[in-house]
Amino acid sequence: MRNKSSNKREAKTLLEKLRWVTLGYHYNWNTKKYSADHYTSFPSDLAFLSKQVAEACGFQGFQAEAGILNYYHFDSSLGIHVDESELDHSQPLLSFSFGQSSIFLLGGQNREEAPIAMFMHSGDMMIMSGFSRLLYHAVPRVLPNLEGKPLPSCLESSLPADLPIDSVIEPCSQEDWEVCAKYLQGSRINMTVRQVLAEGQSFPTETRTDHELDNVSRSSYHEENHKIKKHKSNTDS
């Protein structure tokens, strides 16, 4: 994910600087792989919701094993890519959107195919499965919600007082909600949930070469970032 303008106001809080979070099997952005060694428990409420959505679409036995949360601002975009790092492509990729709207481009099996443009609004869910599971896609633009209000109406609705005991919805404090609401007035959050392994499948054994390449990739990444930061600080001085 990248910011379009180099003249944007510098983020002053950790929340403003946040760009992505990984869940479950943590995606390695350098090697573009998942690993059994990089895993934390997947949130049970999101796993339950994802399973219900997948089963309603005809995908029985879906297991939420990895998730990526992308945090967009009005100057953010997501380049064209395909989600193919999961070892099992028979299960769908689930996408949940909250906050401001965006333009979503759904392309073809290669970068050259002309994409279809569509709006994604707060509360929308997208299921990429079957043929569409491995299609290229991108988010070129984040837009204010089309209602013209600071927050979409779906986020202003009050929760019912008698929520079922097994509901995944939990009320939060007014203080916490005010922080979220303020953030979502100028931002969009997108959660993608995917199953990484087929039932009974395990990760391939990592060879020494793979491990060394991973370490080199991480080292190069941090060294390059260090050089960029050092260059910027020299420029500013």
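No hydrogens, no waters, no symmetry mates; every other heavy atom, side chains included, goes into these values.
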List the steps, then state whether side-chain hydrogen bond (donor to acceptor under 3.5 Å, both in side chains) holds for Ser102 with Arg141.
CA-CA 6 Å; Ser102 73; Arg141 187 82 182 270; over 6 Å; no
Which ILVMFWY residues can you reach from Leu105 by hopping between side chains whose heavy atoms are under 4.5 Å apart?
Ile103, Phe119, Leu143, Leu146
Do Leu14 and Val179 sit in the same hydrophobic cluster, where Ile, Leu, Val, Met, Phe, Trp and Tyr count as joined when their side-chain heavy atoms come under 4.5 Å apart?
no
Can Val196 be reached from Phe59 by stepping across I, L, V, M, F, W or Y side chains whose heavy atoms are under 4.5 Å apart?
no
Between [X] and [Y], does any side-chain donor sit less than 3.5 Å from a side-chain acceptor?
X      : Y      : value
Asn190 : Ser95  : yes
Ser101 : Asn145 : no
Ser153 : Lys149 : yes

Taking all non-hydrogen atoms of both residues, which atom of [X] and which atom of [Y] are closest, and how far apart?
X      : Y      : answer
Tyr72  : Ser77  : CE2-C, 4.4 Å
Ser132 : Ile127 : OG-O, 4.3 Å
Met120 : Ser97  : CE-OG, 4.0 Å
Met128 : Leu106 : CE-CD1, 3.8 Å
Asp83  : Glu86  : O-OE1, 3.5 Å
Gly107 : Leu135 : O-CD1, 3.6 Å

Is [Y] close to [X] at the side-chain level, that is, under 4.5 Å between some pair of heavy atoms?
X      : Y      : answer
Pro144 : Phe74  : yes
Ser122 : Leu155 : yes
Lys32  : Glu84  : no
Leu49  : Phe96  : yes
Leu46  : Val193 : yes
Ser129 : Leu93  : no

Which value, rounded to the nearest 0.5 Å, describes the distance between [X] atom [atom1] and [Y] atom [atom2]?
X      : Y      : atom1 : atom2 : result
Arg133 : His89  : CZ    : NE2   : 5.5 Å
Phe104 : His137 : CZ    : NE2   : 5.0 Å
Ser50  : Glu55  : OG    : CD    : 11.0 Å
Leu87  : Gln195 : CG    : CD    : 10.5 Å
Thr192 : Asn70  : OG1   : CG    : 6.5 Å
His81  : Leu78  : NE2   : CG    : 5.0 Å

Check: [X] side chain, [Y] main-chain N or O, donor-acceptor pair, under 3.5 Å:
X      : Y      : answer
Gln100 : Pro150 : yes
Asn110 : Glu113 : yes
His73  : Glu16  : yes
Ser35  : Asp37  : yes

Would you check, one step at a time, whether the test side chain to side chain contact (heavy atoms under 4.5 Å, CB included) holds for Gln201 with Asp88?
CA-CA 9 Å; Gln201 188 178 22; Asp88 179 20; 4.2 Å; yes
Residue [X] excluded, over 12 heavy atoms near [atom1] under 6.0 Å:
X      : atom1 : result
Met125 : CE    : no
Glu156 : CD    : yes
Gln60  : CD    : yes

Report the C-alpha separation of Tyr25 and Phe203 in whole Å, then their side-chain angles, then the decisive distance to 0.1 Å, and conclude whether the ring-ring contact (aromatic ring centres under 6.0 Å, His included) test is met.
CA-CA 11 Å; Tyr25 287 116; Phe203 289 101; 5.1 Å; yes
Mutual orientation of the aromatic rings belonging to Trp20 and Trp29 [parallel < 30°, tilted 30-60°, perpendicular > 60°]
tilted
Does Tyr71 have Arg19 sitting over its ring (NZ/CZ under 6.0 Å from centre, angle to axis within 45°)?
no
Starting from the C-alpha separation in whole Å, work towards a yes-or-no answer on ring-ring contact (aromatic ring centres under 6.0 Å, His included) for Tyr34 and Tyr27.
CA-CA 5 Å; Tyr34 296 98; Tyr27 184 68; 5.4 Å; yes
Tyr39 ring center within less than 6.0 Å of His26 ring center:
no
Could you walk me through whether Met191 and Ile68 pass the side chain to side chain contact (heavy atoms under 4.5 Å, CB included) check?
CA-CA 6 Å; Met191 301 189 306; Ile68 298 177; over 6 Å; no
